[in-house]
Each structure stands twice: as structure tokens, then as C-alpha cells.
2 protein chains.
Amino acid sequence: MTLTTTYLQETFAGTFELALLTDMAQAGLYKRVPTGAYLIRPGEYIRSVPIIIRGSVKIMRPDELGREALLYYLGGLDSCAMSLTGCLGQKKSEITALVEEETELIAIPMEKVDEWMCRYSTWKQFIFHTYQKRFNDLLGTIDQVAFHKLDERLLAYLRKKTQSCQCTVISITHQEIAQELATSREVISRLLKQLEKAAHIKLMRHKIAIL
Amino acid sequence: MTLTTTYLQETFAGTFELALLTDMAQAGLYKRVPTGAYLIRPGEYIRSVPIIIRGSVKIMRPDELGREALLYYLGGLDSCAMSLTGCLGQKKSEITALVEEETELIAIPMEKVDEWMCRYSTWKQFIFHTYQKRFNDLLGTIDQVAFHKLDERLLAYLRKKTQSCQCTVISITHQEIAQELATSREVISRLLKQLEKAAHIKLMRHKIAIL
DNA sequence: AGGCTTCCGTGACAAATGTTACAGGAACCC
DNA sequence: GGGTTCCTGTAACATTTGTCACGGAAGCCT
């Protein structure tokens with residue numbers, strides 16, 4: 001699919017000025033990315049900044065071996081601050097971006113990201129707004145890990161999931177949760193059982209209902 | 001003290017162009033802040049962006065009650081990303097900035113921060129470089145909390161301290177360490193004893209020597 | 001049906017961290 | 001010197017989290 005200004009007007013109603021949308025239609029690259037694909041992996045270089053139109057992308061931080069802690073999710077009209085600094089600084093990625101639900105995005109080449117910053121004030125605002133959101137996301141993550149016990153974090157994690165998928169039943173295995181909270185499967189199973197006994201959730205195979 | 005272009009040229013040798021330094025000399029406000037003072041506290045509004053010239057500032061994240069986890073330190077020629085987003089977004093601060101060692105800084109009014117972004121490319125670079133550094137700092141913090149046990153974190157913490165103060169003996173109480181690592185004093189005492197037995201450190205009253 | 005894999009439950013134990021309680025030393029003030 | 005406060009050490013115990021071991025249920029393939 002090629003980008004049209006009209007299409008962009010619909011999706012970015014109110015946030016970007018017309019001239020910018022026209023530029024975006026020309027310079028941006030529309031992509032549809034299936035569930036399970038990686039937008040970026042640690043060590044790769046970043047050449048464009050993605051703006052998510054629809055879908056859900058999970059941003060994770062890997063440690064030396066194997067484990068990957070969940071940092072935050074990107075959803076509609078979000079963009080990635082890591083990619084911004086990465087781009088402009090020509091650095092390798094320090095994080096993993098995994099598509100959770102099929103995602104539509106617009107990739108903006110880095111020259112344009114830079115160029116538009118001075119030309120369009122709405123773009124500059126968007127960029128800084130993005131930074132602010134990601135920063136707050138990271139702070140929230142730190143709050144969780146530093147101040148809360150695993151059972152609370154688990155419940156918060158499940159709640160956030162239901163928000164991002166707009167439903168009360170989520171499909172996930174204990175093993176996956178364990179990875180994102182940087183712990184082991186058995187521990188998650190145990191805590192989930194506790195939560196079920198406390199009537200916060202209901203367990204099913206491959207699925208968890210939040211009450 | 002009033003700012004002179006000459007003084008700025010010395011301290012920012014090579015990073016900023018001359019015209020910018022002249023503007024900075026005019027718009028920037030030089031401040032000397034004593035140890036123990038707060039640059040900002042949660043809930044306050046941010047009106048200017050500080051650039052640290054000398055000294056050391058500790059950035060912390062408070063939780064609902066009392067505890068304050070350490071996020072990172074600002075040192076020479078650092079600036080604060082939180083203040084950037086805070087300024088430009090007119091938000092209240094989410095963090096605490098405490099002066100650890102007497103600090104000299106230049107406060108740049110937020111209008112200028114914005115204005116210079118398009119006028120001076122070195123300023124824009126500086127801003128984004130700052131973002132990148134803070135982001136990496138936060139990622140490092142998350143790494144520590146998510147993947148490492150307390151004894152490792154403690155040792156890392158002590159090592160970082162010695163770096164920032166350029167010496168091998170640091171003055172601090174167990175209680176203070178406990179707060180920054182979001183745990184209790186007894187736990188820190190215990191682990192410090194362990195580290196001493198393992199000959200990593202030497203304990204003294206109010207002081208710890210790192211070997 | 002039989003064999004295989006993946007996911008889940010669970011007990012038993014080990015290790016790490018948090019909590020409570022108390023005692024002694026150092027510093028300071030009077 | 002006596003009282004007070006702050007800092008440190010330490011024992012005992014509770015709770016939380018991590019690890020190992022195993023068995024069973026569901027689903028898939030042939």
C-alpha cells in the first residue's frame with residue numbers, strides 16, 4: 001500500500017498539520033508487520049523511526065544471557081524513543097521490539113525526523129511528547145521492580161495486558177509471563193494459583209481471565 | 001557571578017559554537033548550589049533546564065511512602081532529560097534531584113532551550129545526546145534491579161560511587177545505602193559484612209573503603 | 001491407539017531478603 | 001561525668017523467591 005495524505009489525515013486527525021502530512025505521505029514507508037516479527041533486535045542499527053498506527057509492540061531489555069525483562073508496550077500513535085536516540089546518534093539498539101499483535105506502522109527515515117523537527121512545530125512536539133511518554137513508562141517499570149513484590153507486579157502486569165488488548169481474557173503461557181517478569185515458570189504458576197484462590201483471576205489452559 | 005562568553009568557552013570547549021555561547025552567557029543563569037540542597041522535588045514545576053558544570057547531583061524516584069530509589073547521577077557537563085520533557089511539556093516533576101557535592105550549574109530558561117534547538121545544531125545534538133545518556137542510565141538501573149541480586153547491586157553501587165567522587169573511600173551510612181537500593185538497613189549491614197569478609201571492602205564508621 | 005511435545009500443578013528444599021529485637025560504641029550536648 | 005542520639009553489629013525468625021524433581025493433562029502427529 002502507498003501512503004496518501006487523505007489516509008494520514010484520518011489517522012492523525014488534529015495532531016499534525018497538513019503540510020507535514022503531505023511530506024509524510026511522500027517520505028514515510030507504510031508497513032504491515034505480523035505477530036511474532038521483530039522490529040529491531042539488540043545490536044542492529046536503526047535507520048528509521050516507526051510510528052505505530054495500529055497493533056501492539058512489546059519492548060524488552062535482554063540481559064547477558066537469555067532473560068528479557070519487559071520494559072513497556074507501544075500502541076496506537078506511539079513511537080519509540082529508543083529509535084529516536086538510536087537514529088540520531090547512530091548507535092546500535094539496546095533493546096528488542098517484538099510485534100505482539102499485527103501492527104501497521106509508518107517508518108520515517110531518520111533524515112526527515114531531523115529535518116522536520118525545525119520545520120514543523122507539531123512534529124517537534126510529537127517527538128518530545130514521545131520522549132516524555134517513554135521516560136514515564138521506564139519510571140513506572142522501575143517503580144514496579146524496585147518497590148513491589150512479585151504478586152503485585154504479576155497482577156499489575158495482567159491488568160495492563162487486558163487494557164492493551166481491550167478484553168478480560170488474555171492468551172499467554174506461564175513461561176512467557178515468567179520471562180517478562182524475569183523470574184521462573186514455577187514461581188509464576190504458584191502466584192497465579194494464589195491469585196486464583198483470592199478470586200482475582202481464573203486460570204485456563206493457555207488463557208487467564210481477569211475478574 | 002555573571003556569565004561571560006570567555007568562561008563558557010573554557011568549560012564548553014569544542015561542544016558549542018561561539019554564537020551559542022554568547023547567547024548562553026546572556027540568557028543562562030549561573031548558580032552555585034551547596035551539598036544537601038534540592039534542585040527539584042516531586043510535584044514542583046520545572047522552568048529551566050540545568051547544565052551541570054561541576055559537582056554531582058543524585059536523581060531519585062520516590063514511591064508512595066518514604067522510600068526513594070536511586071536512578072542515576074548527573075556529573076560534569078550532564079543535563080537532565082526529565083527537566084527537558086518536564087519543561088517542554090509543562091509537567092510536574094516525578095523525581096527528586098539532590099545535590100551530593102557542591103555543584104555549579106547554568107540554568108537555561110525553557111524558551112531558549114526550545115528556540116536554540118533549531119538555531120544551533122550543536123545545541124540540538126546536545127539535547128538529544130542528553131536524552132540518550134539518561135535513557136541508557138535508566139536502562140542500566142533496570143538491568144540492575146531486574147537481573148541482579150542485592151550483593152552484586154551493592155558492590156556495583158559502591159564502585160560507581162568511587163568513580164563519581166574520584167576516590168576509594170566514601171562517606172555514607174548504611175541507612176542511606178539502604179534507601180537508595182530500596183531495602184532495609186540490616187540487610188545492607190549484613191551484606192557489607194560479607195563483602196568485608198570477602199576482602200572487597202573495609203568498613204569504618206561513616207565510611208567505606210573500596211579495595 | 002501409541003508416541004511425542006508442551007504446558008501446568010505441586011511438593012520439598014535452598015537461598016535471598018525482610019523484620020524484630022536488642023546491645024554496644026561513638027559522638028555530642030549539658 | 002551523665003544523658004542522649006545516631007550508627008553499627010548480630011541473632012533469631014518470617015517471608016519471599018529460586019530450584020529441582022516429578023507426574024499428569026491436553027494437544028498433535030502418524
Side-chain angles (χ1 to χ4, degrees), chain A residues 35-36 63-70 141-158 161 169-210, chain B residues 36 63-70 142-158 161 169-210:
Chain A
T35 302
D63 80 335
E64 309 82 49
L65 216 57
R67 288 179 298 185
E68 295 214 304
L70 171 66
T141 306
I142 291 182
D143 280 353
Q144 287 290 316
V145 206
F147 296 129
H148 297 288
K149 283 191 299 185
L150 255 180
D151 53 353
E152 300 174 272
R153 288 173 55 201
L154 177 55
L155 197 52
Y157 169 84
L158 294 173
K161 274 274 191 191
V169 177
I170 58 188
S171 302
I172 195 168
T173 72
H174 298 185
Q175 179 62 52
E176 292 177 89
I177 303 178
Q179 277 198 9
E180 307 201 345
L181 299 185
T183 178
S184 72
R185 200 266 311 165
E186 294 90 327
V187 173
I188 294 298
S189 290
R190 184 160 59 205
L191 293 177
L192 283 173
K193 264 297 162 209
Q194 279 181 26
L195 289 177
E196 188 175 39
K197 270 177 193 152
H200 285 117
I201 61 174
K202 175 142 176 43
L203 296 177
M204 291 160 291
R205 189 178 179 76
H206 286 210
K207 283 189 166 74
I208 302 175
I210 283 77
Chain B
D63 81 333
E64 309 81 49
L65 216 59
R67 288 179 297 184
E68 295 213 305
L70 172 64
I142 291 183
D143 280 352
Q144 286 290 318
V145 202
F147 296 129
H148 296 288
K149 283 191 298 184
L150 256 181
D151 53 353
E152 299 175 273
R153 289 173 55 201
L154 176 56
L155 197 51
Y157 168 85
L158 295 173
K161 275 272 190 191
V169 177
I170 58 188
S171 301
I172 196 169
T173 71
H174 298 184
Q175 180 61 52
E176 292 177 88
I177 302 178
Q179 278 198 8
E180 307 201 346
L181 299 186
T183 178
S184 72
R185 198 268 312 165
E186 293 87 334
V187 173
I188 294 297
S189 291
R190 184 160 59 206
L191 293 177
L192 283 174
K193 264 297 163 210
Q194 279 181 26
L195 290 177
E196 189 176 37
K197 269 177 193 151
H200 286 117
I201 61 175
K202 175 142 177 43
L203 296 176
M204 292 160 290
R205 188 176 179 78
H206 287 213
K207 284 189 165 74
I208 302 175
I210 283 77

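Just so it is clear: chains get the letters A, B, ... in the order the sequence lines come, proteins before strands, and each one is counted from 1.
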Report the distance from atom [atom1] of [X] to atom [atom2] of [N], rounded to the nearest whole Å.
X	N	atom1	atom2	result
M204(B)	dG25(C)	CE	C1'	17 Å
K149(A)	dG18(D)	NZ	C1'	16 Å
R190(A)	dA12(C)	CZ	C1'	11 Å
L150(A)	dA16(C)	CG	C1'	13 Å
E196(A)	dG9(C)	CD	P	8 Å
R205(A)	dG27(D)	CZ	P	6 Å
E186(B)	dT20(C)	CD	P	9 Å
L191(B)	dA16(C)	CG	P	10 Å

Restricting to non-hydrogen atoms, name the atom on T141(A) and the atom on L70(A) that form the minimum distance, rounded to 0.1 Å.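 Between these two residues, the closest heavy atoms are CG2-O, 3.7 Å.
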
Which pair of non-hydrogen atoms, one from F147(B) and one from R67(A), has the smallest distance, and what is that distance?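 What the structure gives for the nearest pair is O-NH2, 3.4 Å.
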
Considering only heavy atoms and no angle criterion, is a donor-acceptor pair shorter than 3.5 Å present between the side chain of R185(A) and the base of dG9(C)? yes

Under a 4.0 Å threshold between the charged nitrogen and the carboxylate oxygen, would E196(B) count as salt-bridged to K193(B)? yes

Short side-chain N/O contact to dA27(C) OP1/OP2 from H206(B), under 4.0 Å: no

Which residue is it: L195(B), I170(B), T173(B)? I am looking for the one with a side-chain contact (heavy atoms from CB on, under 4.5 Å) to I208(B).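 In the set L195(B), I170(B), T173(B), the residue that makes a side-chain contact (heavy atoms from CB on, under 4.5 Å) with I208(B) is I170(B).
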
Against the side chain of V187(B), the closest entry in dT19(D), dG9(C), dT17(C) is dT17(C)

From the options dT10(D), dC8(C), dT17(D), select the nucleotide whose nearest atom is closest to the side chain of T173(A). dC8(C)

